[in-house]
Amino acid sequence: MKSDELYALLRRRGVLWPSAEIYGGAQGLYDYGPLGAALKRRVEDAWTAWFVGRSPDYYRIEPAELVPEAVVRASGHLENFTDPEISCEACHAVFRAETVVEKVRPEGVDGLAPNQIEEVVRANHLKCPNCGSTALAVPRAFNLMFDVPFGVQRSERAYLLPETAQASYLAFARMWEVGRKALPLGIAVVGRAYRNEIAPRQVLFRMRSFTQAELQIFFDPADPPGRLGAYAEEKVPVLRVDRREKGEGSTAFVPARELVASGLPEFYVDHLVHLLRFLREVLGFPTERIRFFEKSDKERAFYNRIQFDAEVHLESLGGYKEVGAVHYRGDYDLRRHGDGSGKDLSVARPSGERVVPHVLELTFGVDRNLWALADVHLAHEGERTVWKLPPYLAPVQAGVFPLIPKEQRPFAERLTADLLAVGVAAAYDEASSIGKRYARMDEAGTPFCVTVDGPSLADGPDRGTVTLRQRDSKAQERVPAAELAARLAPSLRFPRPTMPPPL
RNA sequence: GCGGGCAUAGUGUAGUCUGGUUAUCACAUAGGCUUGCCAAGCCUAUAACCCGGGUUCAAAUCCCGGUGCCCGCACCA
C-alpha cells in the first residue's frame, strides 16, 4: 500500500492521527488512538520480554524525560546536536556550515564558534553553493534539542532527552549498586525522546516526539557477553561496507560464524542475531525484507566502533528504512559522564583492577516499527483488507458476535465478559451483518472471532459450543465455550528468547 | 530549511480554469425493516469547502498571508 493510503486507513480506524488536528495539526507530532495505543503497548511489552527478559541482570527503568544542561554538555549533544548553518541572503537557501566551507577547510567546523566560521567565510570569499552569491549571512546555531526554562525563577535550563540512552548512562552508578555489582549489566528504557527536527516527514518515521526502546549493556571489555552457540549457522542478511564500496547494493545472507571470522566480535554478532530473530519471529517481518546495513567510518558517529542499522523494506515508503540498530559505543559514554559529573564511573573487577565498562547499545524505534507492522502485515486480499498482525500483538484478540443478536445476545455478552476476566482482549459486536463484523475485525488485525449461534444454546444458556474463526485462513471450527480461553492462550503469549543469557 | 505541487463530510472524491440554485457520488457510521456464518437488500439520519484577511452585489472557486500534507534537494551527533 502507498503511504497515503496506509495513513488514511490508520486514521480512519483510529490507530493514529495528527496532534492538535482541529488546529490544523503540528508538524512531527502524532496521537495514538485506541488501536494504536494498544498495539504500541504490546510491541513495547514484547520488546521487553525479548530483550530485557534475556538475562536476570537486565533491568528496565523509567527515567525522567528532562535533564539538566550539564548532562547534555557532557554527552556532547549540546555541541554535536548543533549544526552551524549559513544562509544565503540572495536566494535564501540554507546550508550546513560544513558544506559551505568544505573546500577550504576539509576538517570541518567542529569546535568553531559562529563568529570564527564567519571569518573563514569572509577570508576565503566563499560563495553560495546554490546561486553563487557572496551574500552569505552570519552563521547561527540550530540545535535539535528542545530546551526548557527550569526552576521557579526560570533561570536554569533543562533539555528534553534527545535519546533515551542518556538516561541509562546517568543511571549506571545507581544501578551498579541495585544490580549487586555485576557485569554485564543491562539497563533498558522504553520512553519518549524529543528532537526539533528540521523537516519531520513520513509520519512515524521522523517525529518531534517519539518512543525509543533501548537496552544498554554494560560489560567488561575483557569478558564481553554473548556466544553464538546454536546460532553459529544462522544466516544474517547484511549489506557490508566492503560490498557497498564495490557498488553492490544487494543483501548477502551470511552465516553468523562467518561474520565473526571476518573480524566482528562474537558478542556483537550474537546481539545482531538476537535483534534479527526479534524482527523475524516476534514482529513477523519476512527475512527477505530485513537487512543489517553496516555504517562506514564516515557514516557513523565517531564514538561508535561498530554500527549496523536494522532496516526493513517498506512498500509504503519505497525502500529500506531504519527501524533499529546495534551500536558498540566503547567506553565513550561513561567516560564523558565521569568527566562531566566528576564521579568515577569505573568499577572493580574481582581482581581489584578497575575498568570503565564498555557499552553495547540495542536501539529500537517503537513508532517506526508500528508503521512497519502496518506496512508489512496490512494488505488488501480481493475485497478484504486484512491486518495479519501476530496474534499476541493484536489490539483486540477476539471479536465476539451473536449470530442473531436478539437470540444469543446474553450468551455472547457473558462470553465476552468471561474472556476479558481472564485477560483476553475481547470485543463484543452485534451491529450489521455477520460478514461485516468479520471484515471490521480483519481490518483491525483481530486474530480470532467467536460466533455464538443456534447450536450454542442447545446445551443450556451458556454451556454450548461456539464457532471459532481464524482471521488468516477464515477456517471455522466448533469449540466448547468453556475451553475457549485455554484454546487461545498459547497464541496470545509473547515469544520468549530461546538464546542463552549472554553471560 | 529551499524549490515545486496540493488542501471539499470519518475515508476517497465531483465541482475551482470560466465566481452565481439546496456543494456531487461512493464507501463508512447511526436508527428501522428484513436476513442470518464471511462487507446482502430497502428506507431514514448524521456529516465537508484548512485558518485569517482582501476583491466583489455575490467566493469552495480569484488575490495575499498563515498552517498542514506530498515530492525533490538538504537534514537525520
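Computed from heavy atoms alone, side chains included, the values below leave out hydrogens, waters and symmetry copies. Per chain, numbering begins at 1; letters A, B, ... match sequence-line order.
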Check: What one-letter contact string describes nucleotides 33-42 of chain B from 5' to 3', where B marks a base within less than 4.0 Å of any protein heavy atom, S marks contact via sugar-phosphate atoms alone, and - marks no contact?
Finding: ---BBBBS--

Using atom names, set out every protein N or O paired with an N or O of nucleotides 67-71 of chain B below 3.5 Å, distance rounded to 0.1 Å.
| residue | atom | partner | partner atom | Å |
| --- | --- | --- | --- | --- |
| B:rG68 | OP2 | A:Gln27 | NE2 | 3.2 |
| B:rG68 | O4' | A:Gly24 | O | 3.2 |
| B:rC71 | N4 | A:Arg201 | NH2 | 3.3 |

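- Heavy atoms of A:Ala199 sit under 4.0 angstrom from at least one base atom.
- For the side chain to side chain donor-acceptor pair (under 3.5 Å) test, no residue two or more places apart in sequence or in another chain qualifies with A:Ser473.
- For A:Trp371, the side chain to side chain donor-acceptor pair (under 3.5 Å) partners at least two apart in sequence or on another chain are A:Ser316.
- For the pair A:Arg469 and A:Tyr438, the cation-pi test (distance below 6.0 Å, angle within 45°) is passed.
- Between A:Thr164 atom OG1 and A:Ile187 atom CD1 the span is 12.0 Å, to the nearest 0.5 Å.
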Margin query: Wobble G-U and Watson-Crick pairs count when both distances are under 3.5 Å; given that, what is the 5' to 3' dot-bracket string of RNA chain B, with | for pairing to other strands?
Written below: (((((((..(((.......[....))).(((((.......)))))....(((((..]....))))))))))))....

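- For the residue pair A:Ser209/A:Arg192, the side-chain donor-acceptor check at 3.5 Å is satisfied.
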Donor-acceptor pairs under 3.5 angstrom involving side-chain atoms of residues 392-399 of chain A: please list them, not counting sequence neighbours.
| residue | atom | partner | partner atom | Å |
| --- | --- | --- | --- | --- |
| A:Tyr392 | OH | A:Glu281 | O | 3.1 |
| A:Tyr392 | OH | A:Val282 | O | 2.7 |
| A:Gln397 | OE1 | A:Ala425 | N | 2.8 |

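- One atom, CD of A:Glu5, and another, P of B:rG10, lie 19 Å apart when rounded to the nearest Å.
- Two residues are said to be in side-chain contact when any heavy atoms from C-beta on lie closer than 4.5 Å; A:Arg336 and A:Ser75 fail this criterion.
- Taking atom C1' on both B:rC50 and B:rU8, the two are 10 Å apart, rounded to the nearest angstrom.
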